[in-house]
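The model shown is predicted, which means the values in this text are computed figures rather than measured ones.
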Amino acid sequence: MQTENPSPSRPLVGAIRWDAWYGELPDLGALPDPRQRPGYDPRRGDLSPDPGGEAQRSLTPESWRYRWPFFTTLAPDGSALAFDSNRAAVIEQEIDYAVQAGLDYWAFDAYPEDCPLSYTLKTYLACPGREQLPFCLFLVMGSAYGSLAEDDEFRTYVLRLLQEPSYLKVQGNRPVLYLGFLNDRIMDLLLDGWWEDFCSDVVRQGLGTPYVVVCNGNPQTAKRYCDLVHGDALSQYNVHEGKAKAAPFADLAAAAERFWTNCAATGAPVAPICVAGWDRRTRVINPVSWESFHTQPDAAEYYYESGTAAEIAAHIGRGVEWFREHPAADGTELVLVYAWNELDEGGWLLPALPPPYGEGTARLDALRDVLA
């Protein structure tokens with residue numbers, strides 16, 4: 001399958017998938033204990049083996065109905081029973097929505113194979129329609145549910161995923177990898193032979209050297225890490241200014257666009273990170289076990305208002321236009337959007353419930369007009 005940019009007139013535009021929306025689990029007793037994963041940091045405390053259950057609890061209150069996805073299972077009274085995208089028919093519909101909007105790939109957050117956060121990726125890989133929309137991995141290096149740099153089983157799983165026919169490749173046969181949530185401790189592990197061995201294993205599988213986009217909120221740190229792993233470009237998972245209080249979406253978009261400029265000032269190529277929103281009040285009201293954002297004073301006041309469909313699409317369009325003034329010397333131009341389905345964090349393109357309860361496909365309709 002051809003997984004390069006089908007339209008060389010513009011960059012490849014992709015969106016991050018964080019797949020906690022897998023519905024009810026059949027047997028909680030069979031889930032792996034996150035505390036037993038290699039690299040687990042005991043300072044994190046107890047982690048739920050069912051992160052999707054926590055995310056669903058955060059999103060369920062009626063005040064967040066406008067974010068509920070099109071595949072929400074509703075009770076007779078209109079309340080949400082489940083958010084379950086881990087079904088072939090739903091994933092096929094999502095693929096169709098994404099392709100019609102002009103997206104070129106999904107960047108799946110990578111977790112250990114037995115983690116529930118990997119369930120939907122497995123369903124995607126079984127869908128015949130996946131060849132319409134290639135995928136790549138966003139390696140969550142500092143995950144609470146398994147540290148890739150300390151888990152040989154996890155590494156083997158990632159190497160197997162890179163062999164998938166629908167995996168996104170550029171420059172012939174180079175698999176795209178986003179490398180994020182790094183710190184100096186993880187970098188020390190990578191540089192102690194781990195990263196070199198991993199890249200060698202990729203090449204031994206018949207692939208090219210990975211095309212690596214290093215993600216960090218500090219452009220100088222990102223450039224330093226990128227140089228150490230011989231990466232190709234800089235980006236980030238998302239961008240926001242933590243003390244923004246009910247700020248307009250325009251401020252969020254402007255912060256992201258300043259980040260692109262600051263990354264370019266390091267002299268490195270840039271894969272612009274575009275943001276569809278940032279509003280984590282869901283997790284302040286109903287906290288999740290893997291983070292402590294809700295413990296900050298006045299945490300519920302720090303968020304951005306939702307952008308309109310047109311505002312979000314225009315911001316992504318500026319990410320695409322970025323390459324007119326910053327053309328990639330190597331010919332590879334990537335744009336990443338936060339996110340396809342970070343629903344409880346406020347960043348999504350995924351179609352919502354139809355009006356009057358949500359926007360339906362409005363965000364993707366506006367994006368199609370831009371990317372076309």
Side-chain angles (χ1 to χ4, degrees), residues 11-21 55 59 67 69 94 98 101-111 117 135-143 168 176-182 213-219 222 233-242 244 247 249-260 262-263 270-283 291 293 302-309 311-320 322 334-352 363-364 366-367 370-371:
L12 287 162
V13 179
I16 295 168
R17 286 194 68 117
W18 179 69
D19 283 303
W21 319 110
L59 192 62
R67 302 189 193 184
E94 289 188 52
L103 289 179
D104 300 295
Y105 68 96
W106 277 330
F108 282 81
D109 287 345
Y111 294 93
L117 293 169
F135 83 105
C136 67
L137 297 179
F138 193 112
L139 301 183
V140 186
M141 300 301 290
S143 167
L168 179 68
V176 174
L177 284 172
Y178 285 90
L179 199 64
F181 299 92
L182 292 159
V213 183
V214 174
C215 301
N216 190 278
N218 182 301
L234 309 184
S235 192
Q236 177 55 319
Y237 192 83
N238 63 23
V239 174
H240 59 85
E241 294 175 343
F249 176 80
D251 289 1
L252 179 60
E257 292 166 32
R258 285 194 299 271
F259 180 76
W260 311 341
N262 293 337
C263 285
V270 180
I273 175 65
C274 301
V275 285
W278 194 84
D279 179 357
R280 302 169 78 191
R281 288 176 293 169
T282 56
R283 295 186 183 179
E291 65 180 32
F293 174 79
Y302 299 128
Y303 67 95
Y304 292 85
E305 298 284 356
S306 292
T308 66
E311 284 179 312
I312 294 168
H315 167 54
I316 296 170
R318 291 192 290 274
V320 173
W322 162 267
L334 300 173
V335 174
L336 185 65
V337 180
Y338 169 85
W340 178 255
N341 59 350
E342 287 271 22
L343 300 164
D344 61 335
E345 284 195 342
W348 77 92
L349 297 176
L350 174 75
R363 295 188 178 197
L364 292 182
L367 183 59
V370 168
L371 296 183

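Closest of all the heavy-atom pairs between Arg363 and Gly307 is NH2-O, 3.9 Å. Listed here is the closest heavy atom pair of Asn216 and Ala222: CB-CB, 3.7 Å. In terms of heavy atoms, Ala271 sits closest to Ala233 at N-CB, 4.3 Å. Shown here for Trp348 and Ser306, the closest heavy-atom pair between the two residues is CH2-OG, 4.4 Å. Nearest heavy atoms, Ile273 versus Val337: CD1-C, 4.3 Å. The two residues Val335 and Cys274 come nearest to each other via the heavy atoms CG1-SG, 3.9 Å.
For the pair Tyr338 and Gln236, the minimum side-chain heavy-atom distance is 4.5 Å or more. Leu12 is listed as a side-chain neighbour of Leu168, based on a closest heavy-atom distance under 4.5 Å. Looking at heavy atoms from C-beta onward, Trp21 lies in side-chain contact with Leu59 at the 4.5 angstrom threshold. Using a 4.5 Å cut-off on side-chain heavy atoms (C-beta onward), Pro69 and Leu343 make contact. Proximity of Leu336 to Phe138: side-chain heavy atoms (C-beta onward) are separated by under 4.5 Å at one or more points. At least one side-chain heavy atom of Val213 sits under 4.5 Å from a side-chain heavy atom of Leu334. At a threshold of 4.5 Å between non-hydrogen side-chain atoms, the residues Ser143 and Phe181 do not count as touching. You'll find the side chain of Leu117 stays beyond 4.5 Å of the side chain of Asp109, heavy atoms only.
Under the salt bridge (charged side-chain N to carboxylate O under 4.0 Å, His left out) criterion, Glu311 pairs with no residue at all, not counting sequence neighbours. With sequence neighbours excluded, the residues satisfying side chain to side chain donor-acceptor pair (under 3.5 Å) with Trp18 are Tyr111. With sequence neighbours excluded, the residues satisfying side-chain contact (heavy atoms from CB on, under 4.5 Å) with Ala314 are Arg318. For Ala98, the side-chain contact (heavy atoms from CB on, under 4.5 Å) partners are Leu103, Trp106, Leu133, Trp340, not counting sequence neighbours. In this view, Arg67 and Asp279 satisfy the salt bridge (charged side-chain N to carboxylate O under 4.0 Å, His left out) rule, not counting sequence neighbours. Every residue two or more places apart in sequence or in another chain that forms a side-chain contact (heavy atoms from CB on, under 4.5 Å) with Glu291 is listed here: Arg280, Arg283, Val288, Phe293, Glu345.
In this structure, Trp260 and Trp322 have perpendicular ring planes: the angle between them is above 60°, well past the 30° mark. Classified by interplanar angle (parallel below 30°, tilted 30° to 60°, perpendicular above 60°), the ring pair His315/Phe249 is perpendicular. Note on ring orientation: taking the six-membered ring where Trp is involved, the planes of Trp278 and Tyr304 are perpendicular (angle over 60°, cut-offs 30° and 60°).
Interatomic distance, Met141 CE to Leu182 CG, rounded to the nearest 0.5 Å: 6.0 Å. Annotation: the span from Glu94 atom CD to Leu350 atom CG amounts to 5.0 Å, rounded to 0.5 Å.
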Chi angles and distances behind the side chain to side chain contact (heavy atoms under 4.5 Å, CB included) call for Leu367, Leu349
CA-CA 9 Å; Leu367 183 59; Leu349 297 176; 4.1 Å; yes

Is there a side chain to side chain contact (heavy atoms under 4.5 Å, CB included) between Tyr237 and Cys215 once you walk through the steps?
CA-CA 7 Å; Tyr237 192 83; Cys215 301; 5.6 Å; no

